[in-house]
Amino acid sequence: LTPGHTPQRSRTPQLTPGHTPQKSRTPQLTPGHTPQRSRTPQLTPGHTPQRSRTPQLTPGHTPQKSRTPQLTPGQTPPRKVGATSNSDMRSQLRRLVLDGQRQEEAIKRKKVSRFSSKKKKAQKTDSQLEDSTVTVYVDEGQEFSLPLKKKSMTAQMLVHKITEKTGQKLLPTLSIIESFQDLHIERRLEDHELVADVIQSWHGHKAVKLILRDTPTKYDLWEKPQLARHVLIEFCDYGVVPEMSGPLYERDNRKKVWRERLFVLEEDNIMGAATHGSTDKHNMVVVASLRNHNIYTAFGDDKTNRGPTPHCILLKPHNSTARREIVALCAPNVDTMTQWLAASTLVKFGPRLKEDYSTMRQKFAAFIKAQESSSLHY
């Protein structure tokens, strides 16, 4: 100690009179007490100490590189995850634009392939038609076969071909009749109908014939409008067919019985009452769509098509020849049948019927004039 220096107090506590000294932290062992084991493992003879987790490098070993990237002078540190820059947004937009262009190109390729496939099918059909023939029967029992070279051959063209081959006089009322001999139904083909489409709709059905026949009532819808006057006026003036409605008899193909039912011609559908005996026009169901059915009449003495009256209308699907799928309707009188036939035909073919009649008058103008003058003379 230097002069004036105060000595430090001793860390040993000074006991005052009556003070109990603190117990030492070192545990005092009592007789028979076992001391606690030290946490430092004691090695037994032959025991191998655990390896340190710090990797020991062997001579020639290269330490692993740190995952933290080392930046060179002038290098930009990497961007954080989730952060986007203007360049990234532009690249994303560019990818979206490219994806849209690729989709448009794919759609165009599909359209081109569909068009080419349709063209190949049409060429194949035309090649098949070049080798096929169409057989037409005449009412006298004669049979004539003609090569069907063009798919665009109409029923009126076929009439001209047959009359040229047979030497028969060409009349404006000559028609081609499609007749199913086993079903006892037939219809007159309209002038513009394609013969190839009609034949393909048979699907190999053999009991069907094309017949050349003189049909005086072919153009009665236009030459005798009084038969269906209100139907024709509405069609010519407004281009629509008025709604037809009234009771008709319908054949139940399963029970083979005829039942009276309310029917309505609305747009291109023939609709019937939901329940027999109902007169509610707001509760109707579609019986047949004229887009998918052709309109026939019965011929011959067939019990299946014989209804309560002889005025039957039969609706056959385009691609079916099964009798059970034919919708058979029967009108109470001939006038009702004529009106339903006229309205249904106008709905199915529309303005093409008027065009057929106008074309016929232009081609047979001299014949019609001579016929009119002869009728006036008598």
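FYI, the numbering just counts along the sequence from 1.
V264 and S245 make their closest contact through CG2-CB, 3.8 Å (heavy atoms, listed as atom of the first residue, atom of the second, distance). Taking every heavy atom of both residues into account, L314 and A298 meet most closely at CD1-N, 3.5 Å. When all heavy atoms of T135 and S145 are compared, the pair lying nearest together is OG1-OG, 3.3 Å. Of all heavy-atom pairs between T309 and P332, the closest is CG2-O, 3.7 Å. Here the closest non-hydrogen pair linking L183 and N305 is O-ND2, 3.0 Å. Closest of all the heavy-atom pairs between H192 and T154 is O-CG2, 3.8 Å.
Donor-acceptor pairing under 3.5 Å is recorded for the side chains of S175 and T215. Side-chain contact check for D220 and T217: no donor-acceptor pair (N or O, by modelled atom type) lies under 3.5 Å. Side-chain atoms of S179 and Q181 include a donor-acceptor pair closer than 3.5 Å.
The list of salt bridge (Lys or Arg N to Asp or Glu O under 4.0 Å) pairs with a residue in residues 339-348, not counting sequence neighbours, is empty.
Between R352 and E355 a salt bridge is recorded (basic side-chain N to carboxylate O distance below 4.0 Å). Salt-bridge annotation for K218 and D191: present, with a side-chain N of the basic residue lying under 4.0 Å from a carboxylate O of the acidic one. The existence of a salt bridge linking E104 and R102 is excluded, since no basic side-chain nitrogen approaches an acidic carboxylate oxygen closer than 4.0 Å. Taking the charged nitrogens against the carboxylate oxygens, E186 and R213 do have a contact shorter than 4.0 Å, which makes a salt bridge.
There is a path of hydrophobic side-chain contacts, each under 4.5 Å, that joins L248 to M244. Under a hydrophobic clustering in which Ile, Leu, Val, Met, Phe, Trp and Tyr are joined whenever their side-chain heavy atoms come within less than 4.5 Å, directly or via other members, V198 and M157 fall into the same cluster. Clustering ILVMFWY residues whenever any of their side-chain heavy atoms sit less than 4.5 angstrom apart, transitively, puts L315 in a cluster other than the one holding F299. I177 and I295 fall into different hydrophobic clusters, defined by Ile, Leu, Val, Met, Phe, Trp and Tyr side-chain heavy atoms under 4.5 Å apart, directly or through other members. Under the 4.5 Å side-chain heavy-atom criterion for grouping Ile, Leu, Val, Met, Phe, Trp and Tyr, F349 is connected to M360 within one hydrophobic cluster.
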Between T321 and H203, does a side chain to side chain contact (heavy atoms under 4.5 Å, CB included) hold up when you go through it step by step?
CA-CA 9 Å; T321 56; H203 294 288; over 6 Å; no
List the steps, then state whether side chain to side chain contact (heavy atoms under 4.5 Å, CB included) holds for D197 with K151.
CA-CA 8 Å; D197 292 345; K151 187 180 178 181; 3.8 Å; yes
Go through it in stages, so that I can follow the logic: the residues are Q92 and L96, the test is side chain to side chain contact (heavy atoms under 4.5 Å, CB included), and I'd like the CA-CA distance, side-chain angles, deciding distance and then a yes or no.
CA-CA 6 Å; Q92 291 177 3; L96 292 174; 5.6 Å; no
Can you list the steps and then say if L221 with T345 is a side chain to side chain contact (heavy atoms under 4.5 Å, CB included)?
CA-CA 10 Å; L221 182 62; T345 306; 5.8 Å; no
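Side-chain contact between H311 and T336: absent, with no pair of heavy atoms (C-beta onward) separated by less than 4.5 Å.
Figure legend: cation-pi geometry between K165 and F144 absent, as NZ or CZ is not positioned both under 6.0 Å from the six-membered ring centre and within 45° of its axis.
Note that the CD1 atom of I313 and the CD1 atom of I185 stand 13.0 Å from one another [nearest 0.5 Å]. Put simply, CG on N269 and CG on L290 are 7.0 Å apart, with the number rounded to the nearest 0.5 Å. To the nearest 0.5 angstrom, K161 atom NZ is 5.5 Å from M153 atom CE. Expressed to the nearest 0.5 Å, how far CH2 of W340 lies from CD1 of I270 amounts to 6.0 Å. A distance of 9.5 Å separates CD in Q168 from CD1 in I162, rounded to the nearest 0.5 Å. Atoms CD and OG1, from Q156 and T359 in turn, are 9.0 Å apart once rounded to the nearest 0.5 Å.
Between Y296 and F180, the angle of the ring planes goes over 60°, which puts this pair in the perpendicular group of the 30/60° scheme.
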Could you pull out all donor-acceptor pairs under 3.5 Å where a side-chain atom in residues 253-261 meets a protein atom, sequence neighbours excluded?
| from | atom 1 | to | atom 2 | distance (Å) |
| --- | --- | --- | --- | --- |
| N253 | OD1 | R251 | NE | 3.0 |
| N253 | OD1 | R251 | NH2 | 3.3 |
| N253 | ND2 | R324 | O | 2.9 |
| N253 | ND2 | I326 | O | 3.0 |
| W258 | NE1 | R306 | O | 3.4 |
| R261 | NE | A273 | O | 2.8 |
| R261 | NH1 | E250 | OE1 | 2.7 |
| R261 | NH1 | E250 | OE2 | 3.4 |
| R261 | NH2 | A273 | O | 2.8 |

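Listed for the K354 side chain is no donor-acceptor partner under 3.5 Å among the backbone atoms of S358.
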